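Below is one structure; the comments refer to it alone.
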Amino acid sequence: NAYVNAYTTKKVYTVAGPEFGEDLIGKMVVIRKALYGLASSCACFHYHLSDILRAMDFLPTRFDHDVWIRLSKNIKTYEYICTHVDNFCIFSVKPEDVMKQMQAVYKVKSIGPPEYYLGNDFKRDSKGCWNMGCKKYIMEAVSRVKCIFGRLSKHDTPMVAGDHPELDDTK
C-alpha cells in the first residue's frame, strides 16, 4: 500500500484492535499515516506523490494534473509519468532511469513494459511502435453481462429486425 508513504492532514483517532499489538488493544490511538480506507488518504497520497514528482523536475500538464512531464537529460525528448491513485506508467526513451528514481522512494511491485493499465491493453507492433486498445476490458465486460443476462445474441444493429423508424417532426 503506497498510501502509508503519506501523512494524514486530519487528526484520526481509533480504538486499537489486536492488529496494533497486545499492549495497545482497547486503547485510543492516533493515526498519522494515510491508511487505505480513510476518507482523506487518496488526496494525502496525491499531494505526497506530487511533491516527489516535482522534486524529480516533473511538472503536471495543463490539461491533466495526473499526467506529468519533464524535458529529458538529452534535451531532445520529453519524459512522461501518468498517475492514477497509487499506480503510474512511465513513457520515456530510458524508462529504467525514471524507474530508479521512483524506486528510491517507493517499493514498486511491477516493473517492465506495460501489458494492461487502467483498462487498456498495451502491445508493440512489428515496427516496435506501441499500440493501445481495450480488448481485455471489453471481453471482461461482455463476460459480466453474460453472467447477468445469459447468452448474448448477435445483431448488426441494436434495432429490432424489420423496424423502419421515421423522422419525428411533431412539435
Side-chain angles (χ1 to χ4, degrees), residues 1-14 19-20 29-148 152 156-158:
N1 186 336
Y3 284 3
V4 296
N5 289 284
Y7 288 91
T8 62
T9 54
K10 307 201 184 292
K11 287 206 175 198
V12 180
Y13 299 89
T14 189
E19 64 274 10
F20 286 87
V29 294
V30 178
I31 305 295
R32 295 181 54 219
K33 292 286 191 155
L35 300 178
Y36 185 79
L38 295 178
S40 62
S41 291
C42 185
C44 293
F45 180 73
H46 188 269
Y47 295 135
H48 170 77
L49 179 60
S50 298
D51 291 342
I52 297 300
L53 293 174
R54 282 190 182 91
M56 294 169 55
D57 297 324
F58 280 93
L59 294 172
T61 61
R62 291 184 303 173
F63 306 104
D64 189 334
H65 295 291
D66 290 322
V67 177
W68 296 76
I69 186 172
R70 76 175 178 190
L71 199 56
S72 66
K73 291 179 182 173
N74 67 13
I75 310 178
K76 293 181 181 176
T77 60
Y78 285 96
E79 297 174 316
Y80 297 88
I81 296 182
C82 299
T83 65
H84 178 75
V85 189
D86 60 349
N87 297 303
F88 64 90
C89 198
I90 299 168
F91 298 89
S92 171
V93 173
K94 292 189 172 185
E96 58 278 355
D97 293 348
V98 181
M99 182 59 81
K100 285 179 186 173
Q101 290 181 284
M102 294 298 282
Q103 286 179 298
V105 180
Y106 301 108
K107 180 181 177 185
V108 180
K109 291 181 183 177
S110 176
I111 301 171
E115 293 175 10
Y116 190 76
Y117 181 69
L118 300 180
N120 295 290
D121 302 309
F122 289 86
K123 294 179 184 170
R124 283 189 187 262
D125 64 15
S126 59
K127 297 177 184 176
C129 295
W130 282 100
N131 292 291
M132 191 168 103
C134 55
K135 183 177 181 177
K136 183 176 179 179
Y137 179 84
I138 290 172
M139 296 305 286
E140 177 66 26
V142 169
S143 174
R144 289 182 182 192
V145 169
K146 284 180 179 178
C147 286
I148 297 169
L152 299 178
D156 293 330
T157 175

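Only a predicted model underlies this, so the values are computations on that prediction, with no experimental measurement involved.
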**OP:** Report, as yes or no, whether the 6.0 Å neighbourhood of atom CD on E115 holds more than 12 heavy atoms from other residues, nucleotides or ligands.
**Re:**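 No, CD of E115 has 12 or fewer neighbouring heavy atoms, counting only those of other groups under 6.0 Å.
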Original post:
Would you find more than 12 non-hydrogen atoms of other residues, nucleotides or ligands less than 6.0 Å from F20 atom CZ?
Top reply: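 Enclosed: over 12 neighbouring heavy atoms sit under 6.0 Å from CZ of F20.
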**OP:** Determine, stepwise, if the pair S92 / Y80 fulfils side-chain contact (heavy atoms from CB on, under 4.5 Å).
**Re:** CA-CA 6 Å; S92 171; Y80 297 88; over 6 Å; no
Between [X] and [Y], is any pair of side-chain heavy atoms under 4.5 Å apart?
X	Y	answer
F88	M102	yes
K33	N5	no
I90	M99	yes
R32	Y7	yes
V30	V12	no

Distance-only donor-acceptor hits, side chain of residues 127-135, under 3.5 Å, sequence neighbours excluded:
none

**OP:** Using the side-chain contact (heavy atoms from CB on, under 4.5 Å) rule, take Y117 and N87 through it: C-alpha gap first, then chi angles, then the decisive distance, then the call.
**Re:** CA-CA 9 Å; Y117 181 69; N87 297 303; 3.9 Å; yes
**OP:** Start with the C-alpha distance between Y13 and V29, add both sets of side-chain angles, then the distance that settles side-chain contact (heavy atoms from CB on, under 4.5 Å), and finish with yes or no.
**Re:** CA-CA 6 Å; Y13 299 89; V29 294; over 6 Å; no
**OP:** Dump the intermediate steps for side-chain contact (heavy atoms from CB on, under 4.5 Å) on I81 and C89, then the final yes or no.
**Re:** CA-CA 6 Å; I81 296 182; C89 198; over 6 Å; no
Name each donor-acceptor pair under 3.5 Å that joins a side chain in residues 45-60 to protein atoms two or more places apart or in another chain, with its distance.
residue	atom	partner	partner atom	Å
H46	NE2	D66	OD1	2.9
H48	NE2	Y106	OH	3.1
S50	OG	H46	O	2.7

**OP:** Go through the structure and list residues passing salt bridge (charged side-chain N to carboxylate O under 4.0 Å, His left out) with R62, not counting sequence neighbours.
**Re:**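 Residues passing salt bridge (charged side-chain N to carboxylate O under 4.0 Å, His left out) with R62: none at all.
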**OP:** Only counting residues at least two apart or in another chain, list the ones meeting salt bridge (charged side-chain N to carboxylate O under 4.0 Å, His left out) with E140.
**Re:**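 E140 satisfies salt bridge (charged side-chain N to carboxylate O under 4.0 Å, His left out) with R144 only.
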Nearest heavy-atom pair of [X] and [Y]: which atoms, and what distance?
X	Y	answer
Y116	G119	OH-CA, 3.3 Å
C44	T9	SG-N, 3.6 Å
S41	Y36	OG-N, 4.5 Å
H65	T61	ND1-O, 3.9 Å

**OP:** Drop me the distance from Y78's OH to S72's OG, to the nearest 0.5 angstrom.
**Re:**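 Answer rounded to 0.5 Å: 9.0 Å.
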Original post:
Mind checking what makes side chain to side chain contact (heavy atoms under 4.5 Å, CB included) contact with V93, not counting sequence neighbours?
Top reply: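 T77.
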**OP:** Could I get the full list of side-chain hydrogen bond (donor to acceptor under 3.5 Å, both in side chains) partners for R124, not counting sequence neighbours?
**Re:**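 side-chain hydrogen bond (donor to acceptor under 3.5 Å, both in side chains) list for R124, sorted by chain: empty.
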